[in-house]
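None of the values given here were measured: they were computed from a predicted structure. Below, all heavy atoms of this structure are taken into account, side chains as well, without hydrogens, waters or symmetry copies.
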Amino acid sequence: VEEQNKEQGNLRENITDIANNSKWEHNRRLASFLLDSNFGINSFFKFVKDSMYEDLLKLGGWGLYYKDNNGVKQINIYSVLINKYFENDIERQKYYEEEVILHETIHLIVHEGLNANEDIENKLIDLMDFVKTKIDTSKYSNAFKNVQEFVAEAFTDAKFQIELKKIKYKGKLTIWN
């Protein structure tokens, strides 16, 4: 995706760019999965370069998903915060921009799904509570803020996935297979 198209545009275009061009296999696989599954990722997306969002950095946030006043799903990526945090490391800036795009996209999908099905939400809460008893939650504190963060971190944090693969669940399965 050309730089001017990345500033604001269709989320699908940005995810397609990650699927086709990311240096990181984990990001390419997740982006390809999102495209193949057709979860309705035709949302609007923009990089926010305004430093007024620096308070988000204190909260650990580099992105935000929401619905605007017209009900249009939006994702903002606060690239100024990512760039500031990884000031002299362009490669890490790019990695985290991609990860935040994917993470916030998972939030959009999960938010819609959980609002539509309380039973799924309760099962995911039970699963999250089970995982809490099996790993050091301080290593993945963001994953245990709520069920939406749990799912988003499970899909976007490769290290968290490794931990989830170690946790046996219902016989032969692990949490992440």
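For the atom pair CG of D89 and OH of Y95, the computed distance is 12.5 Å after rounding to the nearest 0.5 Å. S32 OG to N20 CG: the interatomic distance, rounded to the nearest 0.5 Å, is 7.0 Å. Interatomic distance, K134 NZ to I167 CD1, rounded to the nearest 0.5 Å: 8.0 Å. Taken from OG1 in T137 to CG in N142, the straight-line distance is 12.0 Å, to the nearest 0.5 Å. Note that the CD1 atom of I15 and the CZ atom of R28 stand 15.5 Å from one another [nearest 0.5 Å]. Going from atom CG of N14 over to atom CG of L102 covers 10.0 Å, rounded to the nearest 0.5 Å.
Using a distance-only test at 3.5 Å, with no hydrogens or angles considered, a donor-acceptor pair links the side chain of S37 to the main chain of L34. Side-chain atoms of R92 do not come within 3.5 Å of backbone N or O of F86 as any donor-acceptor pair. Judged purely by atom type and a 3.5 angstrom limit, Q148 has no side-chain atom pairing as donor or acceptor with the backbone of H107.
Counting heavy atoms from C-beta outward, I18 and N27 have side chains that approach closer than 4.5 Å. Between L124 and L114 there is a side-chain heavy-atom pair separated by less than 4.5 Å. For the pair R12/L35, a side-chain contact is recorded, criterion being any heavy-atom separation below 4.5 Å from C-beta on.
For W176 and F155, the gap between ring centers is short of 6.0 Å.
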Please report the C-alpha distance between H103 and E149 in whole Å, then the side-chain angles of each, then the deciding distance to 0.1 Å, and finally whether the side-chain hydrogen bond (donor to acceptor under 3.5 Å, both in side chains) criterion is met. CA-CA 9 Å; H103 182 95; E149 287 298 340; 3.1 Å; yes
side-chain contact (heavy atoms from CB on, under 4.5 Å) between H26 and Q161, worked out: CA-CA 11 Å; H26 173 75; Q161 288 176 4; 3.3 Å; yes
Determine, step by step, whether L127 and Y169 satisfy the side-chain contact (heavy atoms from CB on, under 4.5 Å) criterion, reporting the C-alpha distance in whole Å, the side-chain angles of both residues, the deciding distance to 0.1 Å, and the verdict. CA-CA 9 Å; L127 185 65; Y169 188 71; 3.7 Å; yes
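Between F144 and F150, the ring-plane angle classifies as tilted under the 30° and 60° cut-offs.
Looking at E97, E98, E104 one by one, the single match for side chain to side chain contact (heavy atoms under 4.5 Å, CB included) with V100 turns out to be E104.
Considering only residues two or more places apart in sequence or on other chains, I125 meets the side-chain contact (heavy atoms from CB on, under 4.5 Å) condition with E121, N122, D129, V147. Partners of K123 by salt bridge (Lys or Arg N to Asp or Glu O under 4.0 Å), not counting sequence neighbours, listed by chain and number: D119.
With salt bridges taken as basic N to acidic carboxylate O contacts below 4.0 Å, one links R29 and E25. At a threshold of 4.0 Å, the pair E91-K23 counts as salt-bridged, since one of the basic side-chain nitrogens sits closer than that to a carboxylate oxygen. Between E163 and K166, at least one side-chain nitrogen of the basic residue sits less than 4.0 Å from a carboxylate oxygen of the acidic one, meeting the salt-bridge criterion.
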